[in-house]
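Scroll down for the structure; my scribbles are underneath it.
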Amino acid sequence: MLNKRVLYTAAVMVALSGCSSTGDSPSNGSVVSQNPAESSEPLAADTAAQILFSEVERFAEVSRLLAIDTQRFTQLIDGLSAASSVERGSQELASYRERADKSSKLYRDSVYRLELRLNDVFERTDSANPRYQELRDGADNLSDLAQDAVVLLDDIAARIGEQERLLERYPSKRVLEDIKRQNSRLGSDLNLAVKVLGRVSFEGGRYLSTIN
């Protein structure tokens with residue numbers, strides 16, 4: 001039987017490659033499709049811990065894989081520097097924008113799922129449990145870090161989209177050279193995103209040890 005890491009890896013790679021998604025997007029309703037009767041029932045402490053562990057483990061792995069993919073992205077953007085024509089520059093930017101959009105959507109949907117599931121668990125768990133606040137604080141911290149990564153990835157995707165539209169509107173070598181000069185900032189932001197995603201993955205691992 002395949003282990004969870006293999007399954008998570010396959011799911012993330014499929015999503016990033018543009019194939020059918022893993023079903024985590026709020027747009028398709030799969031994340032919120034819960035049994036109403038089940039969601040109203042209180043959770044035993046061990047059941048809550050199992051759900052928290054499963055969801056955070058999954059999310060930490062998604063973050064780790066996306067950090068790796070984003071690191072590779074930082075190497076790809078050098079291709080724009082070699083673009084000698086506006087047409088080639090437009091092609092490079094289109095490929096960057098498509099990749100950035102996929103990464104941004106994948107992570108935003110993953111964070112949405114995580115927060116939805118964690119909120120559901122805590123709402124159904126007895127707050128009098130001695131470990132409740134510790135687990136809640138850890139989950140909130142992880143969520144805050146993940147939101148920082150979402151903002152970074154969204155900003156990167158938006159900026160590349162702006163560059164692509166600018167070159168489409170003003171298809172000149174001068175505009176292309178201006179965009180090339182901005183690539184150093186884009187590279188810095190991508191490196192920052194790698195660090196934040198790596199930290200999310202690390203903190204997710206620490207949280208798993210807290211649950212145990």
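Side-chain contact check for L186 versus Q182: every heavy-atom pair is 4.5 Å or farther apart. Within the 4.5 Å cutoff, side-chain heavy atoms of S103 are placed close to those of L66. By the 4.5 Å heavy-atom criterion applied to side chains, L176 and S172 are not counted as neighbours. Two residues are said to be in side-chain contact when any heavy atoms from C-beta on lie closer than 4.5 Å; R72 and R99 meet this criterion. E134 places a side-chain heavy atom less than 4.5 Å from the side chain of R131. Residues D126 and Y132 fail the side-chain proximity criterion, which asks for heavy atoms closer than 4.5 Å. Using a 4.5 Å heavy-atom threshold, the side chains of V150 and Q147 count as touching.
Contact between G204 and L142 at its shortest, heavy atoms only, is N-CD1, 3.8 Å. The minimum heavy-atom distance between R88 and A83, with the atom names listed, is CG-CB, 3.7 Å. Scanning all heavy atoms of the two residues, the minimum distance from I179 to Q163 falls at CD1-O, 3.5 Å.
Y107 places no side-chain N or O within donor-acceptor distance of the main-chain N or O of A146, the cut-off being under 3.5 Å. S54 contributes no side-chain N or O that, together with a main-chain N or O of Q50, makes up a donor-acceptor pair within less than 3.5 Å. A side-chain donor-acceptor contact under 3.5 Å links N119 to the backbone of E115. Here the side chain of Y96 pairs no donor or acceptor atom with the backbone of G161 at under 3.5 angstrom. Although no hydrogens or angles enter the test, the distance criterion places a donor-acceptor pair under 3.5 Å between the side chain of S110 and the main chain of L106. Under the 3.5 Å distance criterion, the side-chain polar atoms of T125 are left unmatched by any main-chain donor or acceptor of L43. Without hydrogens or angle criteria, Y207 side chain to F53 main chain gives no donor-acceptor distance under 3.5 Å.
Residues V196 and I68 are members of separate hydrophobic clusters, defined by side-chain heavy-atom contacts under 4.5 angstrom among Ile, Leu, Val, Met, Phe, Trp and Tyr. When the side chains of ILVMFWY residues are joined at heavy-atom separations under 4.5 Å, either directly or via intervening members, L135 and V121 end up in a single hydrophobic cluster.
One finds no salt bridge joining R165 and E168 here, because no Lys/Arg side-chain nitrogen approaches an Asp/Glu carboxylate oxygen to under 4.0 Å. Salt-bridge check for D109 with K105: passed, with a basic side-chain N closer than 4.0 Å to an acidic carboxylate O. Using a 4.0 Å cut-off between a side-chain N of Lys or Arg and a carboxylate O of Asp or Glu, E177 and R174 do not qualify as a salt bridge.
A side-chain donor from one of D137 and Q133 sits under 3.5 Å from a side-chain acceptor of the other. Between the side chains of Y112 and R108, no donor-acceptor pair of N or O atoms lies under 3.5 Å. For the residue pair T74 / Q71, a side-chain donor-acceptor distance below 3.5 Å is found, with atom types taken as modelled.
Within a 6.0 Å sphere centred on NZ of K195, heavy atoms belonging to other residues, nucleotides or ligands number 12 at most.
The only member of R159, R169, E98, R97 that meets side chain to side chain contact (heavy atoms under 4.5 Å, CB included) when paired with E164 is R97.
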